[in-house]
Amino acid sequence: MKTTILGTALALLLGTAALAPVQAFARDSIVIVRTAPPTPRNEAVPLARRGYEWAPGYWNWTGHRYVWVRGHWERARPGYVYHRPEWAQDNHGWRMNRGGWQRGERADVRRDRDHDGVPNRDDAHPNNPYRN
């Protein structure tokens, strides 16, 4: 009997420990705050650096208050586009979109044969010669 209870408790403990990092990641990926973030600070954007993308600064929520995270250089990743972190208001409060690198949007914008601003894959008439 003791062995069964001990075995069950150990299995439960190990199962909980295995899930802990996943739960922490899920909590960190979605941030909702009831108070609006301060207005972004004015940062001097440095001159362009070959092979790098400027990631502008943003207000981060620490769990108790907003803290400014300074802008920095990110090494460019071919085939990816950098999206800066930003806050958006919804029905629940202010939600943080962490941003980061996303695959392929810049390549799709370049694939716009009629230059109407709609990527070919989303354009019903990608070769429209009568565009405005």
Side-chain angles (χ1 to χ4, degrees):
M1 179 85 171
K2 281 185 177 180
T3 309
T4 307
I5 293 172
L6 185 59
T8 304
L10 183 60
L12 188 61
L13 180 63
L14 290 175
T16 304
L19 291 178
V22 175
Q23 291 171 342
F25 179 78
R27 241 183 290 135
D28 291 342
S29 65
I30 298 174
V31 177
I32 299 175
V33 183
R34 299 221 184 271
T35 58
T39 56
R41 291 183 178 176
N42 287 329
E43 280 189 315
V45 178
L47 295 175
R49 281 177 68 184
R50 184 181 179 99
Y52 288 85
E53 179 96 18
W54 177 251
Y58 64 96
W59 288 105
N60 190 33
W61 180 253
T62 65
H64 305 288
R65 65 187 177 100
Y66 287 102
V67 175
W68 181 254
V69 176
R70 293 178 18 199
H72 62 279
W73 290 106
E74 290 273 340
R75 185 178 295 277
R77 296 178 63 187
Y80 289 79
V81 177
Y82 183 80
H83 293 276
R84 66 185 204 155
E86 54 190 15
W87 289 94
Q89 189 175 20
D90 63 14
N91 294 338
H92 304 289
W94 289 87
R95 180 181 301 267
M96 167 58 106
N97 175 1
R98 293 275 176 206
W101 293 98
Q102 293 181 358
R103 188 155 182 73
E105 289 182 28
R106 183 173 290 157
D108 291 338
V109 171
R110 288 182 183 158
R111 293 186 185 125
D112 180 14
R113 286 190 287 264
D114 59 3
H115 305 287
D116 63 354
V118 180
N120 294 336
R121 67 182 170 88
D122 298 329
D123 197 347
H125 304 286
N127 295 315
N128 184 3
Y130 303 107
R131 62 179 167 74
N132 291 337

Open item on the list: Any heavy-atom pair between the side chains of W87 and Y66 that's under 4.5 Å?
Closed with: yes
Open item on the list: Measuring from atom OH of Y58 to atom CE of M96, what distance do you get when rounded to the nearest 0.5 angstrom?
Closed with: 5.5 Å
Open item on the list: In the structure I gave you, are the side-chain heavy atoms of Q102 and Y82 within less than 4.5 Å of one another anywhere?
Closed with: no
Task: Point-to-point distance, once rounded to the nearest 0.5 Å, from CH2 of W94 to CD of Q89 - done: 4.5 Å
TODO: Side-chain contact test, heavy atoms from C-beta onward, threshold under 4.5 Å: evaluate it for P85 versus W59 and give yes or no.
DONE: no
Open item on the list: Side chains of R98 and N60: any donor to acceptor distance under 3.5 Å?
Closed with: yes
Task: Atom pair CD/CZ of E86 and R84 - distance to nearest 0.5 Å - done: 5.5 Å
Open item on the list: Once rounded to the nearest 0.5 Å, what's the spacing between atom CD of E53 and atom CZ of R77?
Closed with: 12.0 Å
TODO: Measure the spacing between CH2 of W54 and CD of E43 and express it to the nearest 0.5 Å.
DONE: 5.5 Å
TODO: Mark yes when over 12 heavy atoms from residues, nucleotides or ligands other than D90 sit less than 6.0 Å from its CG; otherwise mark no.
DONE: yes
- [ ] Determine whether V31 and V69 fall in the same hydrophobic cluster, where Ile, Leu, Val, Met, Phe, Trp and Tyr are linked whenever their side-chain heavy atoms lie under 4.5 Å apart.
- [x] yes
TODO: Any chance you could measure W101, atom CH2, to H83, atom NE2, to the nearest 0.5 Å?
DONE: 9.5 Å
